[in-house]
Asker: 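So that we are looking at the same thing, I have put the structure below in structure tokens.
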Amino acid sequence: MTTIAGIVGILLMLILMFAGVNLAFSFFISGFIGVVMILGFGGGLTYLQTIPVTTAMSYSLAVLPMFMLMGDFAVMGALTTDAYGAARKWFGRLPGGLAITSTVASAIFGAICGSGQATAMVMSQVAWPEMKRYGYEPKLGLCSIAAAGPLAILIPPSTPIIIYGILAQTSVGKLFMAGWLPGILLTLLLCITTAVLVKLRPAWAPRAEKTTLPEKLRSLKAAWPILLLVVFIMVCIWGGITTVNEAAGISVIVCLIIVICKHRAGGKKILQTLKESAVQASGLFFMFIGIQLFNAFMGLSKLPAMLSSWVTGLALPPMAIIWVIVIIYLVLGCFIDTPVIMMLTIPLFAPAVSALGFDLVWFGILSTMCVALGSITPPVGICLFVIGARVKEVPLITLMKGVWPYVIATFAATVLVMYIPQLSLLLPSLMS
């Protein structure tokens with residue numbers, strides 16, 4: 001009976017989600033109905049009394065609104081635009097320099113905002129006009145922006161990594177450190193891919209104007225706030241100076257002070273940013289309440305335990321089972337946003353992966369890279385649609401054709417992380 005209820009609950013959740021119902025309500029409604037099916041109406045009310053309170057009071061969740069607010073302040077104060085300008089000064093003369101600049105700037109911006117789609121959207125507004133002015137081919141310029149968007153969900157502080165840590169009950173601090181080397185590796189591979197494409201098609205990327213060393217050094221004056229924030233967060237966490245939550249809270253204050261000192265925000269603008277960030281954070285908290293209710297229902301239905309037993313019982317080598325999970329992530333990443341995929345799958349896959357003897361920190365980075373790859377893979381690829389909606393003069397089919405070299409590079413980075421675990425586990429081991 002409980003198994004049937006679990007299947008019915010999952011089907012109901014999927015029906016609501018694809019019918020356009022808000023994701024938080026989809027999780028909440030299907031979770032509550034599922035609990036009622038198993039425990040009765042009184043049991044469902046009992047869960048409603050406890051789960052919203054315990055979820056909203058969770059200390060580990062406090063990191064999310066803090067990092068979101070820091071990102072909003074950085075965007076409000078145009079700190080990310082300054083970082084792009086500095087990167088353009090340093091890399092603009094290289095073959096495909098502006099595209100490489102957008103990749104590096106996306107990595108920096110992503111470290112602040114934590115959203116692949118937001119990074120792709122912002123960089124298409126900031127970087128593409130410059131590339132277009134210099135005669136860049138859209139297959140190179142826009143596709144390099146789309147491919148760099150997923151860096152935001154890999155390089156910390158990353159919202160999907162935080163979500164994974166909460167759901168898999170794994171140290172967020174270790175996950176943050178684990179994301180750095182894979183993030184740098186992917187950034188380098190994307191830059192190399194751009195350089196190779198320009199070598200084969202020089203007409204795709206005319207070089208930018210030459211800049212002198214003093215001009216390059218002066219550009220760093222505008223870029224230092226972003227670098228300061230990233231270094232500050234990592235030093236505090238890695239050095240054991242603060243917890244992840246404390247580092248997030250302090251970084252919000254530091255970011256706000258920098259913006260005010262640069263005279264880029266008044267009281268009205270700050271209050272508006274606070275309001276918008278609070279609205280986004282409250283929506284995310286409500287989604288967490290819904291997913292926790294749905295996870296409680298899944299626990300009652302025994303489906304996660306059954307899936308874990310089935311996966312571990314497959315007559316396949318452990319790495320072959322990981323490949324099965326990776327393929328599932330790649331497919332889901334084409335259609336569903338990254339945080340939603342994490343919320344749907346981590347409670348199901350994490351116990352199975354742990355039972356197979358794999359490190360959950362390693363699996364967190366691997367799963368994040370898989371959904372990042374899915375977000376740029378045609379025929380869907382959410383980041384492609386985001387850019388296509390912003391840059392309407394370029395047909396979407398052009399982006400789908402041009403992004404494949406970057407898809408191959410991202411897939412190569414994913415395979416390297418899969419078979420060389422130390423790429424993700426070296427820095428967390430140094431924390432210990």
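This one's a predicted model, so the numbers in the text were calculated from it and none came from an experiment.
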Asker: Quick one: sort the Phe32 and Phe41 rings into parallel, tilted or perpendicular, breaks at 30° and 60°.
Answerer: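 Plane angle over 60°, so perpendicular.
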Asker: If you round to the nearest 0.5 Å, how far is CG of Leu12 from CD1 of Ile10?
Answerer: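 With rounding to 0.5 Å, CD1 (Ile10) is 11.0 Å from CG (Leu12).
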Asker: Heavy-atom distance under 4.5 Å between the side chains of Thr410 and Pro150, does that happen here?
Answerer: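 The answer is no; the side chains never approach within 4.5 Å.
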Asker: Taking all heavy atoms of Ser144 and all of Ser102, pick out the closest pair and write down the distance.
Answerer: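 In this case the closest contact between Ser144 and Ser102 is OG-OG, 3.6 Å.
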Asker: Using the rule given for side-chain contact (heavy atoms from CB on, under 4.5 Å), can you reason through Leu140 versus Tyr406, listing the C-alpha separation, both sets of side-chain angles and the distance that settles it, and then say yes or no?
Answerer: CA-CA 10 Å; Leu140 179 75; Tyr406 296 102; 3.4 Å; yes
Asker: Output the distance between atom CE (Met177) and atom OG (Ser171), rounded to the nearest 0.5 Å.
Answerer: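 One gets 11.0 Å once the value is rounded to the nearest 0.5 Å.
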Asker: Is any side-chain heavy atom of Cys261 closer than 4.5 Å to one of Ile258?
Answerer: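 Sidechains of Cys261 and Ile258: no contact.
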Asker: Kindly indicate whether the side chain of Ile155, heavy atoms from C-beta on, has any atom under 4.5 Å from the side chain of Thr187.
Answerer: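 They are in side-chain contact.
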Asker: Does Lys401, at its NZ atom, have more than 12 non-hydrogen atoms belonging to other residues, nucleotides or ligands within less than 6.0 Å?
Answerer: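 Atom NZ in Lys401 is not packed in, count stays at 12 or less.
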Asker: Would you call Pro138 and Trp128 a side-chain contact if the rule is heavy atoms closer than 4.5 Å?
Answerer: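 Sidechains of Trp128 and Pro138: in contact.
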Asker: Using a 4.5 Å cut-off on heavy atoms from C-beta on, say whether the side chain of Met319 contacts that of Tyr419.
Answerer: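 Yes, their side chains come closer than 4.5 Å.
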Asker: Ring centroids only, cut at 6.0 angstrom: are Phe349 and Phe363 within range, meaning strictly under it?
Answerer: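 No, too far apart.
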Asker: Looking only at non-hydrogen atoms, find the nearest pair between Gly96 and Thr194 and report the distance.
Answerer: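 Shortest heavy-atom contact: O-CG2, 3.9 Å.
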Asker: I would like to know whether Tyr164 and Leu360 meet side-chain contact (heavy atoms from CB on, under 4.5 Å); could you show each step before the answer?
Answerer: CA-CA 10 Å; Tyr164 174 89; Leu360 286 180; 3.7 Å; yes
Asker: Do Ile38 and Ser301 come within less than 4.5 Å of each other through their side chains, counting heavy atoms only?
Answerer: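 Yes, close enough: below the 4.5 Å cut-off.
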Asker: Within the side chain of Ser354, is there an N or O that forms a donor-acceptor pair under 3.5 Å with the backbone of Ala350?
Answerer: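 No.
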Asker: If you take all heavy atoms of Tyr136 and Gly97, which pair is closest and at what distance?
Answerer: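 Looking at all heavy atoms of both residues, the closest pair is OH-N, 3.3 Å.
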Asker: Say you draw a straight line from OG1 of Thr414 to CE of Met418; how long is it, rounded to the nearest 0.5 Å?
Answerer: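 Spacing of OG1 (Thr414) from CE (Met418) equals 7.5 Å.
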Asker: Evaluate side-chain contact (heavy atoms from CB on, under 4.5 Å) for Val259 paired with Ile270, printing each intermediate quantity in order.
Answerer: CA-CA 10 Å; Val259 171; Ile270 292 173; over 6 Å; no
Asker: Under 3.5 Å, side chain of Ser277 to main-chain N/O of Leu274, donor-acceptor pair present?
Answerer: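 Between the backbone of Leu274 and the side chain of Ser277 there is no qualifying donor-acceptor contact (under 3.5 Å).
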Asker: Can you name the residues that form a ring-ring contact (aromatic ring centres under 6.0 Å, His included) with Phe358, not counting sequence neighbours?
Answerer: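 Once residues adjacent in sequence are excluded, the partners of Phe358 under the ring-ring contact (aromatic ring centres under 6.0 Å, His included) criterion are Trp362.
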Asker: On a heavy-atom basis, which atom in Ala147 and which in Leu190 lie closest, and how many Å separate them?
Answerer: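 The pair with the smallest heavy-atom distance is O-CD1, 3.6 Å.
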Asker: Val324 and side chain to side chain contact (heavy atoms under 4.5 Å, CB included): which single residue from Ile328, Ile327, Val326 fits?
Answerer: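 For Val324, the side chain to side chain contact (heavy atoms under 4.5 Å, CB included) check succeeds only for Ile328.
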Asker: So do the side chains of Lys268 and Leu271 get within less than 4.5 Å of each other, counting heavy atoms only?
Answerer: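 No, every pair of side-chain atoms sits at 4.5 Å or beyond.
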Asker: Which atoms form the tightest heavy-atom contact between Pro428 and Val361, and what is the distance?
Answerer: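 Taking every non-hydrogen atom into account, CG-CG1, 4.4 Å.
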Asker: Can you find a heavy atom in the side chain of Ile365 that is under 4.5 Å from one in the side chain of Ile161?
Answerer: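 Result yes, sub-4.5 Å side-chain heavy-atom pair found.
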Asker: Apply side-chain contact (heavy atoms from CB on, under 4.5 Å) to residues Phe176 and Ile162 and explain how you reach the verdict.
Answerer: CA-CA 8 Å; Phe176 273 7; Ile162 296 171; 3.7 Å; yes
Asker: Considering non-hydrogen atoms only, spot the tightest contact between Ile346 and Ser367 and give its length.
Answerer: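 Looking at all heavy atoms of both residues, the shortest contact is CD1-OG, 4.4 Å.
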Asker: Could you give the distance from CG (Leu425) to CD1 (Ile420), rounded to the nearest 0.5 Å?
Answerer: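 Reported to 0.5 Å precision, the distance equals 12.0 Å.
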Asker: Enter the distance from Leu175:CG to Ile163:CD1 here, rounded to the nearest 0.5 Å.
Answerer: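 Going from CG on Leu175 over to CD1 on Ile163, the span is 12.0 Å.
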Asker: Can you tell me how far apart CG (Leu48) and CG (Leu293) are? Round to the nearest 0.5 Å.
Answerer: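 Rounded to the nearest 0.5 Å, the CG-CG separation comes to 6.0 Å.
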